[in-house]
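Positions are given from 1, in the same order as the sequence printed here. Every number for a ligand or one of its atoms is a count from 1 in the order of the listing.
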Amino acid sequence: MSNWTELEEKYFMRTFKRQPIVIVRGKGSRVWDENGKEYLDFVGGWAVNSLGHCHPTIVDALNQQSRTLIQVSNQYYTTPQLQLAELLVENSCLDRVFFGNSGAEANEAAFKLARKYGRMHRDGAYEIITVTGSFHGRTMAAIAATGQHKFQNPFVPLPDGFINVEYASFEAIKSATTKLTCAVLLEPIQGESGVNTPTNDYFKQVREWCDENNLLLLLDEIQTGIGRTGTLFAYEQLGIEPDIVTLAKGLGGGVPIGAILAKEHASVFEPGEHGSTFGGNPLVCAVGYATMKFILENGILENTREVGAYLIAALEGLKSEFDFITDVRGKGFLCAVQFDREISADVITACNERGLLLNPVKPDAIRMMPALITQKSDVDEAISILKDVFNQWK
Ligand SMILES: *Cc1c(COP(=O)(O)O)cnc(C)c1O
C-alpha cells in the first residue's frame, strides 16, 4: 500500500491543511478510510454532497448520461442543460440561468453582469459593496470581494471596484454607496467565517436601499443554495427577492457545477460577452437535474428542516451541559458550535478517532454540513460522540 501522506507531501502543492485520513469509499452519510474504518460524515464534501455519497439517483444519472453524451460545445443545444435551467427558473424568483464550473466562476460572472448593468443603467458605475467576514471564492476578483485580508494580502494588487464594509450593518452599506456603486453582494448566511446569520430586517433594508438607488442585490448562495438551509434557496426565508443569485456546491450533488441566476432586468449579457468551455455540459447538468429533482420530489427539504432543527436543538442541549460552548448557530443542515477557547483542532482529532467527521471552521468553532438525507439516528450518534469528546474539557 502506498503511503499517501508522503506522496502528498512530495507531489502536491501546500494548499490544504488535511486531516490524516485517506478516504477511499462513501455510501449515504458514511465514508470509509483505506484501513476500512467507518466515519459518519458531517462535512459532506464541504456542503456539496446533498444526497450523501454515491446516491443511486446520482450514480444512475452519471452512468446513463456518460453512455449518451458527455461534452459537446456550447455552439449547440443540449437537453440536460436546458432541463436544469428550466427547473432552476421555475422553482425560483429568477428568470435566466448561465452555467459555469465552480462557485468562484459563478461569482465572476455575477461581477461582470453587475458591471455591465452599471454601465448601462447607472452611468458607468462599477463598484460592488461587500462585507467583512464574507467568502466568495479564490479567483482574483473573488478574493477582492471576499472581506478577509488573509485571503488577499499575498496576492495584491487585486482588481479594483470592491468596497468592503462592516458586516450586518445597513448604515455601513448606506454610507459606502456613491455614484460609482452598481451592486451589493451578500451571503444569506456566512458559511466560511463560522455560520453568521444577519437579521431579516438587515436584508429588507438593503433590498429597499438597492431599489431606491437602482443597485443590484447579489446573493451568494453557493453554500446556502439547493436546500442546505431547509428551503430550496435561503433567500426564501429572508423575505426578499435578489436580482442575482450564484450557486455551486450542492447543485451537482458532488459533480463540479456552478450557476448564475438573474432576473430579466439584470440579464444584460449580449452574445459573446460571457461563455465557458465546460460550463453546462451534459454530464454535470444531467446529474444536477437528477439531484435537484430528487430533492424537490422526495421530501428532502422537509427532512432538512425537521432533522436540521433536531440537530440544532441537540447542540443547544450540549451548550447547556458544557459551559465552554458559548453559541450554537445555523439553519437546516448548516450549523456551527462556538467555544470560548481555541479547541477546534483537538475536538476534530478526537472526533476523527471516534468516527465522526467535522469541519474546524475557526480555531474556536466547529461547523457541520451533513447530507440533506441525514436521519435523526445519525444526529444521535454524532451528539453522543461529541458529548464523549467534550467531557475532557468539563
Ligand atoms: C465555497 C464558496 C465559494 C467558492 O466556491 P468554489 O466552488 O470553491 O469556487 C464562494 N462563495 C461561498 C459562499 C462559498 O461557500
Under-4.0 Å heavy-atom contact with ligand 1, by part of K249 that carries it = side chain
Taking only heavy atoms of D220, which atoms of ligand 1 are found under 4.0 Å from at least one of them?
-> 10 (C), 11 (N), 12 (C), 13 (C)
Judging by distance only, is a nitrogen or oxygen of E105 under 3.5 angstrom from one on ligand 1?
-> no
What side-chain donor-acceptor pairs closer than 3.5 Å can you find for residues 382-390, not counting sequence neighbours?
unit_1, atom_1, unit_2, atom_2, d
D388, OD2, R354, NE, 2.7

Could you tell me whether some N/O pair between A248 and ligand 1 is separated by less than 3.5 angstrom?
-> no
Answer yes if the side chains of Q65 and T68 hold a donor-acceptor pair under 3.5 Å, and no otherwise.
-> no
NZ/NE/NH1/NH2 to OD/OE distance under 4.0 Å, D346 and R341 | no
For ligand 1, which atoms have a heavy atom of S102 less than 4.0 angstrom away?
-> 7 (O), 9 (O)
Closest to atom 10 (C) of ligand 1 among E221, H136, Q223 (heavy-atom distance) | H136
For G103, take its heavy atoms, then give the atoms of ligand 1 lying under 4.0 Å from any of them.
-> 5 (O), 6 (P), 7 (O), 9 (O)
Which atoms of ligand 1 have any heavy atom of G137 under 4.0 Å away?
-> 4 (C), 10 (C)
Considering the heavy atoms of A104, write down every atom of ligand 1 situated less than 4.0 Å from one of them.
-> 4 (C), 5 (O), 6 (P), 9 (O)
Pair D60, Q64: side-chain N/O donor-acceptor within cut-off below 3.5 Å | no
What do you reckon, does I222 have a nitrogen or oxygen under 3.5 Å from a nitrogen or oxygen of ligand 1?
-> no
Proximity to ligand 1 by part of W46, non-hydrogen separation under 4.0 Å | neither
Looking at R207 and D211, does any basic side-chain N land under 4.0 Å from a carboxylate oxygen?
-> yes
Look at D327 together with K319 and state whether they make a salt bridge at an N to O cut-off of under 4.0 Å.
-> no
CD/E221 to OG/S92 distance, rounded to the nearest 0.5 angstrom?
-> 10.0 Å
Side chain to side chain, L185 and F162, heavy atoms closer than 4.5 Å = no
